[in-house]
Protein chains: 2
Amino acid sequence: MTTQKPYRAPVLADVAREARVSVPTVSRVLNGSKYVAPELAQRVQRAVESLGYRPNEAARSMRSGRRTLVSVLSGATANYGYARTLQGIETAARRAGMSVTITMVESGEDDDVKRAVDLALAHPTAGAVVLEFDRAGINARHMLPEGLPVVVAGGGSRRTGGIPAALIDERTAARQATDYLLRLGHECVHHIAGPTAGKHSGRTEGWRAALTDAGITVPTIMNAEWDAASGYRWGERIAGRDDVTAVLCGNDEIAIGLMRALADRGVRVPQDVSVVGFDDQPLVAMWQPSLTTVDQDFEDLGARAFGLLERLVAGDGSATSSVVVPQLVVRESTAPPRG
Amino acid sequence: MTTQKPYRAPVLADVAREARVSVPTVSRVLNGSKYVAPELAQRVQRAVESLGYRPNEAARSMRSGRRTLVSVLSGATANYGYARTLQGIETAARRAGMSVTITMVESGEDDDVKRAVDLALAHPTAGAVVLEFDRAGINARHMLPEGLPVVVAGGGSRRTGGIPAALIDERTAARQATDYLLRLGHECVHHIAGPTAGKHSGRTEGWRAALTDAGITVPTIMNAEWDAASGYRWGERIAGRDDVTAVLCGNDEIAIGLMRALADRGVRVPQDVSVVGFDDQPLVAMWQPSLTTVDQDFEDLGARAFGLLERLVAGDGSATSSVVVPQLVVRESTAPPRG
DNA sequence: CCTGTGTAGGATAACGATATCCCGCGAGGG
DNA sequence: CCCTCGCGGGATATCGTTATCCTACACAGG
């Protein structure tokens with residue numbers, strides 16, 4: 001059993017020794033300063049290659065003040081939307097030569113939020129992206145220190161307190177989805193909302209606005225979790241009601257759960273009830289019936305959020321929120337009401 | 001327009017000044033050294049609170065050699081399995097007081113892999129977790145420097161070259177799933193495999209082994225991408241064949257796509273064809289018919305991977321691979337063959 | 001009184017990089 | 001011949017922290 005000697009990455013001094021130059025000269029070569037003789041530069045390059053030298057960003061940023069780390073704060077979930085947004089941020093950051101740390105906020109409780117923020121900022125960070133799809137994210141934003149570059153990524157129409165945000169205008173999308181159902185001839189559209197702790201989400205607000213504008217009495221909101229089981233439970237109750245002919249769901253999971261419960265009770269979608277989801281997860285197009293839903297480009301959302309942060313870090317005060325209106329994708333789960 | 005003065009986080013010296021002690025004393029207080037008078041300690045604590053001081057991990061680790069950053073290398077995807085595994089790693093790391101950076105490897109090409117590894121190790125890292133579900137991950141592992149603590153997380157039965165690994169024994173699971181279908185009375189089980197670049201995945205190997213052991217001629221493997229569209233295309237072809245009565249799919253997406261194609265052509269699941277998936281994504285239990293599939297605990301996988309890395313970093317050479325056999329979840333998409 | 005021991009806490013060096021300073025050198029102008 | 005100027009590159013300070021060293025003091029034992 002050989003003892004593994006602990007890993008020691010080569011440092012500038014090792015390169016300098018190997019190339020028989022001083023440490024600052026190596027730095028100059030690596031940072032592309034002029035004023036270095038071509039021959040020395042070549043010796044340095046060779047030494048870098050042969051030793052497999054990799055600059056230490058921590059030391060570099062400590063001295064230079066340039067930071068190459070971006071911190072993402074998100075709710076504690078592997079949800080499709082979160083994962084996709086993170087991917088968008090990471091890809092954009094990687095292309096810009098920045099690394100990404102991810103910290104999950106276990107809940108909206110002060111303790112959890114504080115711990116998460118402390119960990120997220122433990123390593124010196126150029127700025128933070130807060131994924132604000134839930135309470136945990138919102139609370140996290142409020143606990144970030146004054147002056148740190150911060151951007152928000154999330155569903156639109158929420159106040160972000162002067163912080164630049166990349167948004168998806170869920171409100172408009174929900175309104176369009178609701179209008180679409182009304183145009184099909186439904187006299188009312190019901191709504192199953194995800195948990196949002198007090199305030200209503202843009203999805204809920206858009207739905208309400210569409211009904212109000214059409215002069216329709218807004219029915220009671222059905223509150224659910226974001227998961228399919230929760231949608232299923234509402235489906236069990238809706239199956240026994242004649243007055244529900246169209247349902248706008250807070251997300252695709254809820255919609256799928258709802259549809260299964262309806263099917264189990266012999267209620268047909270879309271003949272008896274129309275169902276609309278939110279997110280357009282990859283699988284829902286394969287459903288039977290395939291789900292009419294709102295397509296959200298989360299990857300683009302992440303990329304836009306990172307772009308804003310980049311400008312903010314560069315001191316470009318003109319960085320202003322960007323909003324995208326997602327598109328309704330009409331599939332098989334919606335139809336005119338019977339009779 | 002007020003000019004925002006750039007963010008300057010308070011440092012130890014600020015705290016020391018505020019508490020009227022020397023810098024090392026503040027450090028001693030924060031690191032819980034004895035030999036500090038209670039009164040001074042209290043002054044320091046107060047100063048820390050009032051300034052909102054947060055230690056700079058980069059500086060700390062530079063001096064002390066203790067690293068609190070873990071790097072995760074993964075394929076460029078927001079797949080359910082990847083996202084879930086990352087969540088498991090992050091949660092375990094957070095509980096251990098470590099931060100996590102995530103770097104995606106765009107492809108298996110040398111260029112992409114090298115760039116990803118460079119970025120992943122740019123900030124000084126205690127070690128790396130490589131998500132090895134695809135070629136990109138495998139290549140990334142080979143490009144990591146000698147001596148860096150590395151663990152692999154992925155599907156079992158692959159060689160990991162002496163590197164500790166947290167594994168899910170896909171081979172055994174696939175074998176069990178295949179055996180189950182044979183016990184139902186199917187004379188053969190067909191298989192749609194995901195892309196694995198040369199080698200076969202544990203899923204494919206387990207399937208083959210089960211058939212071979214049962215003395216059944218192994219049919220041609222159907223090769224697909226990991227997505228539902230790809231499963232759909234195979235479904236179109238299978239619908240015209242009488243000899244296919246049971247299909248083991250490389251993952252749930254493929255299975256769902258397959259089932260939709262079969263349904264579109266009037267082939268009934270499970271009466272005409274039985275279908276088994278892999279992963280047990282949250283939605284597939286709601287399918288019609290609900291999908292029989294292999295439940296993979298990716299979050300646990302991530303937690304185990306981090307645990308291994310932690311021991312490796314601590315110099316515990318006894319860290320040895322851990323393997324979990326996932327369970328087959330029988331639902332509605334499987335049944336005995338007709339007649 | 002001298003010495004030894006243990007506590008308390010400041011002074012200083014060091015981690016790996018970059019910014020700044022500064023010196024030597026050769027060319028060009030007065 | 002002296003002075004300036006541009007280049008090339010080493011010496012040194014510095015970033016925020018912790019490890020090490022060292023001094024000061026109190027107290028006990030001989």
Side-chain angles (χ1 to χ4, degrees), chain A residues 6-45 47-48 51-69 97 99 118 121-126 145, chain B residues 6-45 47-48 51-69 97 118 121-126:
Chain A
Y7 176 57
R8 245 266 307 165
V11 299
L12 264 197
D14 299 325
V15 177
R17 200 177 317 113
E18 175 88 5
R20 302 188 315 279
V21 296
S22 74
V23 167
T25 296
V26 180
S27 174
R28 273 188 278 261
V29 172
L30 292 174
N31 293 299
S33 149
K34 38 193 184 176
Y35 306 153
V36 182
E39 196 226 324
L40 284 202
Q42 209 183 25
R43 287 219 307 267
V44 168
Q45 286 296 359
V48 165
L51 294 178
Y53 170 78
R54 217 183 307 265
N56 179 330
E57 272 310 314
R60 189 177 254 190
S61 88
M62 180 154 128
R63 180 63 244 244
S64 73
R66 276 186 292 275
R67 274 128 185 239
T68 57
L69 202 54
S99 300
D118 281 347
L121 301 184
H123 293 83
T125 295
Chain B
Y7 176 57
R8 245 263 310 163
V11 298
L12 266 195
D14 299 323
V15 177
R17 198 175 319 113
E18 175 89 6
R20 301 188 315 279
V21 295
S22 73
V23 166
T25 296
V26 180
S27 173
R28 273 188 279 259
V29 172
L30 292 174
N31 293 297
S33 150
K34 37 189 186 181
Y35 306 151
V36 181
E39 197 227 324
L40 283 202
Q42 209 184 24
R43 287 220 306 267
V44 169
Q45 287 295 1
V48 165
L51 294 178
Y53 169 77
R54 212 182 312 256
N56 179 332
E57 272 309 316
R60 190 176 253 189
S61 89
M62 180 155 126
R63 176 66 243 235
S64 73
R66 278 186 292 275
R67 271 118 188 249
T68 58
L69 202 53
D118 281 348
L121 302 184
H123 292 83
T125 294

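Within every chain, numbering begins at 1; the chains are lettered A, B, ... in the order of the sequence lines, protein sequences first and strands thereafter. All values reported here derive from a predicted model rather than from experimental measurement.
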When you check the phosphate oxygens OP1 and OP2 of D/dT17, does a side-chain N or O of B/Ser27 lie under 4.0 Å from one of them?
no
Whole-Å gap separating C1' (D/dT14) and CG (A/Leu12):
15 Å
With a 4.0 Å limit, can you tell me whether A/Asn56 has a side-chain N or O closer than that to the phosphate oxygens OP1/OP2 of C/dC15?
no
For side chain to side chain contact (heavy atoms under 4.5 Å, CB included), just list the numbers for A/Leu40 and A/Val29, CA-CA rounded to whole Å, side-chain angles, deciding distance to a tenth of an Å, and then say yes or no.
CA-CA 9 Å; A/Leu40 284 202; A/Val29 172; 5.8 Å; no
So, OP1 or OP2 of D/dG9: does either fall under 4.0 Å of a side-chain N or O from A/Thr25?
no
Round to the nearest Å and state the distance from B/Leu30 atom CG to D/dG16 atom P.
16 Å
Check: B/Arg43 side chain, B/Arg20 main-chain N or O, donor-acceptor pair, under 3.5 Å:
yes
Taking the side chain of A/Ala37 as its heavy atoms from C-beta onward, which of D/dG10, D/dT17, D/dG9 lies nearest to it?
D/dG9
Step-by-step side chain to side chain contact (heavy atoms under 4.5 Å, CB included) determination, A/Val26 to A/Val23
CA-CA 5 Å; A/Val26 180; A/Val23 167; 5.8 Å; no
Residue-phosphate contact under 4.0 Å: B/Ser64 side-chain N/O, D/dT18 OP1/OP2
no
Spacing of A/Leu40 atom CG relative to D/dG9 atom P, expressed in whole Å
4 Å
Check whether any side-chain heavy atom of A/Pro145 sits under 4.5 Å from a side-chain heavy atom of B/Arg54, and report yes or no.
yes
D/dA19, OP1 or OP2 - any side-chain N/O from B/Arg66 closer than 4.0 Å?
yes
Mind calculating the distance between CD (A/Gln42) and P (D/dG9) to the nearest angstrom?
14 Å
Check the phosphate of C/dC25 against A/Tyr35, side-chain N and O only, distance under 4.0 Å to OP1 or OP2. Yes or no?
no
Can you tell me the distance, in whole Å, between the CZ atom of A/Arg43 and the P atom of D/dG8?
15 Å
Measure from CD on A/Glu57 to P on C/dA17 and round the result to the nearest Å.
10 Å
Please tell me if B/Arg20 has a side-chain N or O lying less than 4.0 Å from either OP1 or OP2 of C/dG9.
no
Ignoring backbone atoms, establish whether B/Arg67 has a side-chain N or O less than 4.0 Å from OP1 or OP2 of C/dC15.
no
Under 4.0 Å, counting only non-hydrogen atoms across every strand here, what does B/Pro124 touch: a base, just sugar-phosphate, or nothing?
nothing
B/Pro24 has a side chain; which of C/dA17, C/dT18, C/dT12 sits nearest to it?
C/dT12
With the side chain counted from C-beta on, respond yes when B/Arg28 and B/Val21 share a heavy-atom pair under 4.5 Å apart, and no when they do not.
no
Residue met sooner reading DNA chain C from 5', once B/Arg63 and B/Val36 are mapped to nucleotides
B/Val36
Distance check needed: D/dG16 P versus B/Asp14 CG, whole Å only.
8 Å
Look at B/Arg60 and D/dT18 and indicate whether a side-chain polar atom (N or O) is within less than 4.0 Å of OP1 or OP2.
yes
Do the side chain of B/Thr68 and the main chain of B/Arg66 share a donor and acceptor less than 3.5 angstrom apart?
no
Atom pair distance, as rounded to whole Å: CG in A/Asn31 and C1' in C/dA19:
11 Å
